[in-house]
Amino acid sequence: MSEEPSDLLAARRAKLERMREQGVDPFPHDYPGVTAIAEVAAAHAGLADGEETDASYRVAGRLAARRGQGKMAFLDLVDRSGRIQLQAKSDVLGEEAMERLLDLDLGDLLGVDGTVFASRTGELTLRVTDFAVLAKSLRPPPDKHHGLQDVETRQRRRELDLMANEEARELFMTRAKVISTLRGYLDSHGFVEVETPVLQPLYGGALARPFTTHHNALDRELYLRIATELYLKRCVVGGLERVYELGKDFRNEGLSTKHNPEFTMVEWYEAYADYSDAMARVEQAVAAVAGAVGYEGEYDLTPPWPRIALAQAVLDETGIDIRANPDRESLVAAIEASDRAELEVEDHAWPKLVDDLLSKYVEPKITNPVFIIDYPVELSPFAKRHRSEEGLVERFEAFCGGMEFANAFSELNDPDEQRRRFEEQVRLGEAGDEEAQPYDEGYVEALEQGMPPTAGVGLGIDRLVMIMCGKSSIREVVLFPAMRD
RNA sequence: GCCGCCGUAGCUCAGCUGGUAGAGCAGCGGGCUUUUAACCCGAAGCGCGCAGGUUCGAGUCCUGCCGGCGGCACCA
């Protein structure tokens with residue numbers, strides 16, 4: 001990682017020493033009064049070619065390019081908001097300062113006082129009247145024109161990606177916008193943001209394997225949460241009525257273009273609402289996000305989105321009727337008889353087979369957002385029984401671009417039914433299902449206290465950002481994705 | 001875990017059917033007062049991911065390993 005030829009590093013260190021010898025602090029403490037480059041540009045749009053102004057600004061950023069002229073040079077300075085050209089003239093700065101300025105390296109952090117003018121080709125430029133090194137850079141930056149292309153380096157050393165590639169900066173600014181818009185949507189609709197434990201004595205709320213850790217003082221195993229679901233519903237039991245939490249969940253599973261072991265999820269719970277209300281909220285929230293980030297991608301995110309029953313979607317894509325084959329034996333026979341579906345049947349139980357059909361034949365076909373609704377009860381230990389469909393629960397998942405990005409249901413609030421569901425999970429766990437839910441008596445007791453009818457939603461932020469930014473890999477939208485050592 | 005593709009200078013990339021490694025940018029020295037991937041001159045910089053093997057000779061062919069990407073599996 002730090003195997004650069006020593007002469008490249010030595011040259012920068014030599015300049016560092018030279019600065020110190022000249023009495024210049026290469027790492028000053030502050031630089032007050034900086035204006036964003038974009039703000040300077042916005043204030044002077046439409047200058048005529050060669051037009052001078054008497055407007056002065058102080059800007060700061062990283063030195064990105066230099067076109068030297070001996071007694072005059074042009075430099076490019078980049079900050080978070082944009083890039084601006086600087087003009088350095090020997091007769092303005094004096095020879096000594098000019099020499100110091102030209103002795104800087106690409107990548108150095110630089111503060112500049114300058115006067116706005118337009119170059120003779122019309123480019124907005126700051127004529128440098130004074131400058132200060134704000135931090136010496138001791139390593140060479142990525143290529144000034146090609147940026148940093150190598151995917152591995154971009155992800156392992158995101159700071160280089162961010163400094164070299166404007167698109168990377170924009171993407172993570174967009175990500176921030178997605179999150180603040182979601183918060184804004186929920187805040188403005190009466191939801192209270194809460195924080196529940198990340199370290200949990202018992203994990204739950206999703207079908208997944210957890211990470212484990214150890215608390216020394218308590219001398220006990222703890223789990224990193226796989227979902228916020230159960231604690232949030234306890235908040236609803238307590239009367240907070242509309243709550244949400246936005247943060248990291250952790251699932252001990254493989255990496256893929258759609259999975260990172262730690263990922264960001266927002267879950268919200270709304271008392272006196274059901275999954276139909278939740279669908280409307282998801283549509284509204286996504287539409288709000290799309291508007292805020294100026295979405296111009298390939299999908300039509302405009303509400304309302306189609307609602308398709310899971311069984312119907314599977315029937316449409318495979319010709320297999322899961323409702324007519326409600327047990328493992330007949331479903332296996334139907335799959336094997338089908339010429340449109342081919343699955344590893346093996347020892348998979350009925351719900352698992354349904355899930356397989358969904359993820360293999362339905363999910364990849366979906367482009368524009370769709371709600372797949374009404375799931376088999378076996379796949380959904382926390383969802384409430386469907387009010388009219390036997391064996392189903394009131395649950396939906398939202399899909400877009402070939403992947404799921406939200407999961408929601410009318411929450412099961414009958415404690416006795418919940419207890420039976422947990423017992424079933426325990427049976428599955430004992431049968432070897434490593435993702436089965438552990439029994440959570442504390443949660444059941446909370447339900448016994450009485451939880452109002454409630455709709456709950458979990459929405460994957462990373463995947464939503466992927467959709468908004470048109471990225472096909474989650475690693476592109478996570479600053480520091482998990483990678484091998 | 002399995003399959004395929006990839007790994008050459010700090011960065012971006014060439015390198016044919018095996019003949020002993022190059023360019024641009026960056027860096028170094030010099031020139032240049034309106035450049036825009038500035039330009040011009042000069043001198044440098046590569047154990048070709050790692051380890052073996054085949055061969056007179058390997059960046060190039062073979063095997064294993066490491067890392068990345070994509071897919072499958074696992075998994076929401």
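Throughout, a chain's letter reflects where its sequence line sits, starting with A, and its residues are numbered from 1. All values below were derived from every heavy atom in this structure, side-chain atoms included, with hydrogens, water molecules and symmetry-related copies excluded.
The separation between L102(A) atom CG and rA38(B) atom P is 15 Å, rounded to whole Å. rC69(B) atom P lies 14 Å from atom NZ of K471(A), rounded to whole Å. Summarising the geometry, the separation between CG on L255(A) and P on rG70(B) is reported as 11 Å, rounded to the nearest angstrom. We find that CZ of R209(A) is positioned 9 Å from C1' of rC75(B), with the value rounded to whole Å. Protein atom CZ of F74(A) is 8 Å distant from nucleotide atom C1' of rU33(B), rounded to whole Å. What separates CG of L63(A) from P of rA37(B) is a distance of 16 Å, to the nearest Å. Rounded to an integer number of Å, the gap from CD of Q85(A) to C1' of rU33(B) is 14 Å. Atom CG in L126(A) sits about 16 Å away from atom C1' in rU35(B), given to the nearest Å.
In terms of the ring-ring contact (aromatic ring centres under 6.0 Å, His included) criterion, Y361(A) has no residue partners (sequence neighbours excluded). Contacts of L202(A) classified as side chain to side chain contact (heavy atoms under 4.5 Å, CB included), with partners at least two apart in sequence or in another chain: P438(A), D440(A). Considering only residues two or more places apart in sequence or on other chains, K89(A) meets the salt bridge (Lys or Arg N to Asp or Glu O under 4.0 Å) condition with none of them. Applying the salt bridge (Lys or Arg N to Asp or Glu O under 4.0 Å) criterion to R20(A), with sequence neighbours excluded, gives E17(A). Partners of Y439(A) under the ring-ring contact (aromatic ring centres under 6.0 Å, His included) rule, at least two apart in sequence or in another chain, are F422(A). Applying the side chain to side chain contact (heavy atoms under 4.5 Å, CB included) criterion to A36(A), with sequence neighbours excluded, gives E39(A), D79(A), S81(A). When the salt bridge (Lys or Arg N to Asp or Glu O under 4.0 Å) test is applied to E267(A), no partner is found at least two apart in sequence or on another chain. In this view, R251(A) satisfies the salt bridge (Lys or Arg N to Asp or Glu O under 4.0 Å) rule with no residue, not counting sequence neighbours.
The phosphate of rC11(B) (OP1 or OP2) has no side-chain N or O of R157(A) nearer than 4.0 angstrom. At least one side-chain nitrogen or oxygen of T257(A) sits closer than 4.0 Å to the OP1 or OP2 atom of rG71(B). Between R475(A) and rG70(B) there is a side-chain N or O to OP1 or OP2 distance below 4.0 Å. Contact between the side-chain N/O atoms of Q155(A) and the OP1/OP2 oxygens of rC69(B) is found at a separation under 4.0 Å. One finds no side-chain N or O of K144(A) lying less than 4.0 angstrom from the OP1 or OP2 phosphate oxygen of rC25(B).
Candidate nucleotides rG67(B), rU35(B), rA26(B) were compared by shortest atom distance to the side chain of R484(A), and rG67(B) ranks first. For R156(A), the side-chain atoms get nearest to rG67(B) when compared with the rest of rG67(B), rU35(B), rG27(B). Out of rU12(B), rU33(B), rU36(B), the shortest distance to the side chain of L148(A) is found at rU12(B). Comparing atom distances between the E152(A) side chain and each of rG70(B), rC75(B), rG68(B) picks out rG68(B) as nearest. In the set rC28(B), rU34(B), rU36(B), rU34(B) carries the atom at the smallest distance from any side-chain atom of K89(A). Here the side chain of T121(A) is nearest to one of rU35(B), rU34(B), rU12(B), namely rU35(B). Distances were taken from every side-chain heavy atom of F117(A) (C-beta onward) to each of rU34(B), rG27(B), rG67(B); the shortest belongs to rU34(B).
Atom name C1', nucleotides rC62(B) and rU55(B): the rounded distance is 12 Å, in whole Å. Taking atom P in both rG68(B) and rA43(B), one finds a spacing of 42 Å when rounded to whole Å. Taking atom P on both nucleotides, rU36(B) is separated from rA23(B) by 24 Å, rounded to a whole Å. Comparing the C1' positions of rA44(B) and rC28(B) gives a spacing of 7 Å, expressed to the nearest Å.
Using a 4.0 Å cut-off between charged nitrogen and carboxylate oxygen, K15(A) and D105(A) count as a salt-bridge pair. Between E283(A) and R307(A) a salt bridge is recorded (basic side-chain N to carboxylate O distance below 4.0 Å). For the pair E404(A) and K258(A), the salt-bridge criterion is not met [side-chain N within less than 4.0 Å of a carboxylate O]. Using a 4.0 Å cut-off between charged side-chain N and carboxylate O, R62(A) and D108(A) make no salt bridge. A salt bridge between D49(A) and R120(A) is absent, with no side-chain N of the basic residue lying under 4.0 Å from a carboxylate O of the acidic one. R427(A) has a carboxylate O that lies under 4.0 Å from a charged side-chain N of E424(A), or vice versa, which qualifies the two as a salt bridge. One finds a salt bridge joining E397(A) and R395(A) here, because a Lys/Arg side-chain nitrogen approaches an Asp/Glu carboxylate oxygen to under 4.0 Å. With salt bridges taken as basic N to acidic carboxylate O contacts below 4.0 Å, none links E394(A) and K384(A).
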All N/O pairs under 3.5 Å across the protein-nucleotides 22-24 of chain B interface:
residue	atom	partner	partner atom	Å
rG24(B)	N2	D143(A)	OD2	3.4

What protein N or O atoms touch nucleotides 2-8 of chain B N or O atoms at under 3.5 angstrom, if any, and at what distances?
none

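Across all strands shown, D150(A) has heavy atoms under 4.0 Å from sugar-phosphate atoms exclusively, and none from any base. E435(A) comes within 4.0 angstrom of the backbone, heavy atoms only, and of no base. Among the protein residues, A206(A) comes within range of no part of the nucleic acid, since none of its heavy atoms lies under 4.0 Å from any strand. Nucleic acid contact for G460(A): none, since no nucleic acid atom lies under 4.0 Å from a heavy atom of the residue. No contact: M403(A) has no heavy atom under 4.0 Å from any strand.
Note: Y185(A) and W268(A) have tilted aromatic rings, judged against thresholds of 30 and 60 degrees for the angle between ring planes.
A 3.5 Å limit on both hydrogen-bonding distances identifies rC3(B) as the Watson-Crick or G-U partner of rG70(B). In this structure, rG64(B) forms a base pair with rC50(B), meeting either the Watson-Crick or the G-U wobble geometry with both donor-acceptor distances under 3.5 Å. The nucleotide rC13(B) finds its pairing partner in rG22(B), both defining distances of the Watson-Crick or G-U wobble pair being shorter than 3.5 Å.
Within residues 11-21 of chain A, the residues that place at least one heavy atom under 4.0 Å from RNA chain B are, in residue-number order, A11(A), K15(A). For RNA chain B, the neighbouring residues in residues 350-365 of chain A, judged by any heavy atom under 4.0 Å, are K352(A), D355(A), L358(A).
Judged by atom type and distance alone, E123(A) reaches the base of rU36(B) through a side-chain donor-acceptor pair under 3.5 Å. Side-chain to base pairing of R67(A) with rU35(B): one donor and one acceptor N or O lie within less than 3.5 Å of each other. For S119(A) against rU35(B), a side-chain-to-base donor-acceptor contact under 3.5 Å is present. The base of rU34(B) lies outside donor-acceptor range of the side chain of T125(A), with no N or O pair under 3.5 Å.
Checked by atom type, the side-chain pair E245(A)/T196(A) shows a donor-acceptor distance below 3.5 Å.
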